[in-house]
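Structure first, commentary second.
Quick note: residue numbers are just sequence positions, from 1.
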Amino acid sequence: PLCFPLPCRARAVAGDFPPPVAPGAPTSYLDVVWDKGTKLGIGLIAARDLAPDYVMIIDADDFVHRDLVAFTSEHAGAPGWYISRGWRYSRARNVYRSLRAFHLQCGSSYILPFAAYGVPADASVAFSQAQVLDVFGDRLATIIGSHMRVVQWARHHGYPLAPLPFRGAVHHVDTGENHSGGTLSGWARTLSPTMQQTYGIPSRPPAGSPVPEANRLRLAIDTPPALATSAYKYLQRTLFSMVTDDRPRFDLRSHLAHL
């Protein structure tokens with residue numbers, strides 16, 4: 001059972017998949033793709049019963065624009081969208097900043113037709129991870145468990161995604177649970193009422209600090225290792241933006257031996 005309440009329109013699908021690594025062992029990106037991909041695969045199977053037109057995979061700690069669903073309804077039949085511009089928000093600092101190449105930095109960035117996932121009619125939410133892999137194949141590593149090559153894959157499979165014409169989501173960092181180690185340093189604006197209302201972000205100033213004036217600029221300086229990491233990730237995003245290949249970056253079948 002869940003240990004927290006859900007909105008009345010939300011449906012939880014419980015699973016009992018084992019952890020991707022042994023307790024205390026380091027978790028690689030491949031481990032994350034396997035764990036995340038197979039769990040999301042079960043979610044997609046459950047979503048089939050709702051007959052959705054589109055699906056957007058969202059990280060649990062991120063936020064989306066309040067008009068996102070209305071926009072997709074008004075443009076029904078479109079091949080889908082990706083979020084090229086969004087925001088990065090640090091709840092620890094209670095600040096936010098513009099984020100370009102959003103879809104290469106945050107997984108909460110794609111709206112695909114449900115048909116693109118190829119969910120078969122006989123797939124069950126009781127499937128094992130091995131069965132989920134059999135059902136989705138390369139999709140599991142390309143557009144479900146990972147987000148770096150979704151635009152390329154979609155284009156090659158008949159879904160030319162368009163950039164969403166507004167900042168559709170907020171990447172939430174500094175939570176202590178971001179496997180990517182995402183953080184927000186440098187100049188940023190304090191959380192404003194408009195941002196809260198538009199994206200449903202709860203107000204939470206840093207512990208022990210007075211509530212800062214909305215939209216006031218604040219500065220945080222990175223440590224040299226953090227700056228080096230940021231430079232590496234910038235180079236990585238630049239290279240990925242040039243990639244045209246839609247083949248999966250990982251062979252998830254290597255995980256079958258551990259089941």
Side-chain angles (χ1 to χ4, degrees), residues 1-4 6 10-62 80 82 103-104 106-159 161 177-181 236 240 243 245-259:
L2 294 175
C3 59
F4 53 87
L6 286 174
R11 175 186 172 189
V13 182
D16 59 356
F17 292 164
V21 297
T27 306
S28 69
Y29 189 64
L30 174 60
D31 296 325
V32 172
V33 171
W34 169 256
D35 184 61
K36 175 182 177 180
T38 51
K39 290 175 180 176
L40 288 173
I42 293 296
L44 288 166
I45 294 170
R48 179 195 57 209
D49 296 339
L50 303 175
D53 294 319
Y54 297 97
V55 168
M56 180 179 183
I57 293 173
I58 306 172
D59 290 343
D61 55 353
D62 291 336
Y82 67 97
H103 61 297
L104 296 179
C106 177
S108 305
S109 52
Y110 299 97
I111 304 169
L112 288 174
F114 182 69
Y117 292 100
V119 182
D122 59 349
S124 167
V125 294
F127 272 7
S128 67
Q129 286 178 293
Q131 289 173 307
V132 172
L133 177 58
D134 285 339
V135 163
F136 292 104
D138 287 345
R139 286 180 173 88
L140 207 66
T142 310
I143 64 171
I144 302 176
S146 179
H147 63 92
M148 300 302 289
R149 296 187 180 181
V150 177
V151 171
Q152 294 92 326
W153 183 95
R155 182 172 60 249
H156 291 171
H157 288 80
Y159 302 98
L161 304 183
E177 298 182 359
N178 303 99
H179 182 266
S180 62
Q236 185 182 50
F240 268 116
V243 171
D245 186 4
D246 70 330
R247 290 177 297 179
R249 298 164 58 200
F250 312 101
D251 180 9
L252 295 182
R253 295 192 179 277
S254 61
H255 267 273
L256 295 176
H258 304 297
L259 297 180

Distance (rounded to the nearest 0.5 Å) between [X] [atom1] and [Y] [atom2]:
{"X": "Ile58", "Y": "Leu40", "atom1": "CD1", "atom2": "CG", "result": "11.0 Å"}
{"X": "Asp49", "Y": "Arg11", "atom1": "CG", "atom2": "CZ", "result": "6.0 Å"}
{"X": "Leu161", "Y": "Ile111", "atom1": "CG", "atom2": "CD1", "result": "9.5 Å"}
{"X": "Ile143", "Y": "Tyr159", "atom1": "CD1", "atom2": "OH", "result": "9.0 Å"}
{"X": "Ile57", "Y": "Ser109", "atom1": "CD1", "atom2": "OG", "result": "9.5 Å"}
{"X": "Asp61", "Y": "Ser108", "atom1": "CG", "atom2": "OG", "result": "7.5 Å"}

Please give me the minimum heavy-atom distance between [X] and [Y], naming the atom from each residue.
{"X": "Ala141", "Y": "Val33", "result": "CA-CG1, 4.1 Å"}
{"X": "Val132", "Y": "Phe127", "result": "CG2-CB, 4.1 Å"}
{"X": "Gln129", "Y": "Thr38", "result": "NE2-OG1, 3.0 Å"}
{"X": "Leu6", "Y": "Ala12", "result": "CD1-CB, 3.6 Å"}
{"X": "Leu252", "Y": "Leu30", "result": "CD2-CD1, 3.4 Å"}

Checklist entry - Once the angle between the rings of His157 and Trp153 is folded into 0 to 90°, is it parallel (under 30°), tilted (30 to 60°) or perpendicular (over 60°)? => result parallel
Checklist entry - In terms of ring plane angle, is the pair Tyr110 and His103 parallel, tilted or perpendicular, where the classes change at 30° and 60°? => result perpendicular
Side-chain touch [X]/[Y], heavy atoms, less than 4.5 angstrom:
{"X": "Phe17", "Y": "Ile42", "result": "yes"}
{"X": "Val55", "Y": "Leu44", "result": "yes"}
{"X": "Tyr54", "Y": "Pro113", "result": "yes"}

Distance-only, no hydrogens or angles: does the [X] side chain make a donor-acceptor pair with backbone N or O of [Y] under 3.5 Å?
{"X": "Arg48", "Y": "Phe114", "result": "no"}
{"X": "Ser146", "Y": "Thr142", "result": "no"}
{"X": "Arg139", "Y": "Leu133", "result": "no"}

Checklist entry - Salt bridge between Lys36 and Asp59, side-chain N to carboxylate O under 4.0 Å? => result yes
Next on the checklist: Check this for me, if you would: do Arg253 and Asp134 make a salt bridge, where the nitrogen-to-carboxylate-oxygen distance has to be below 4.0 angstrom?
Outcome noted: yes
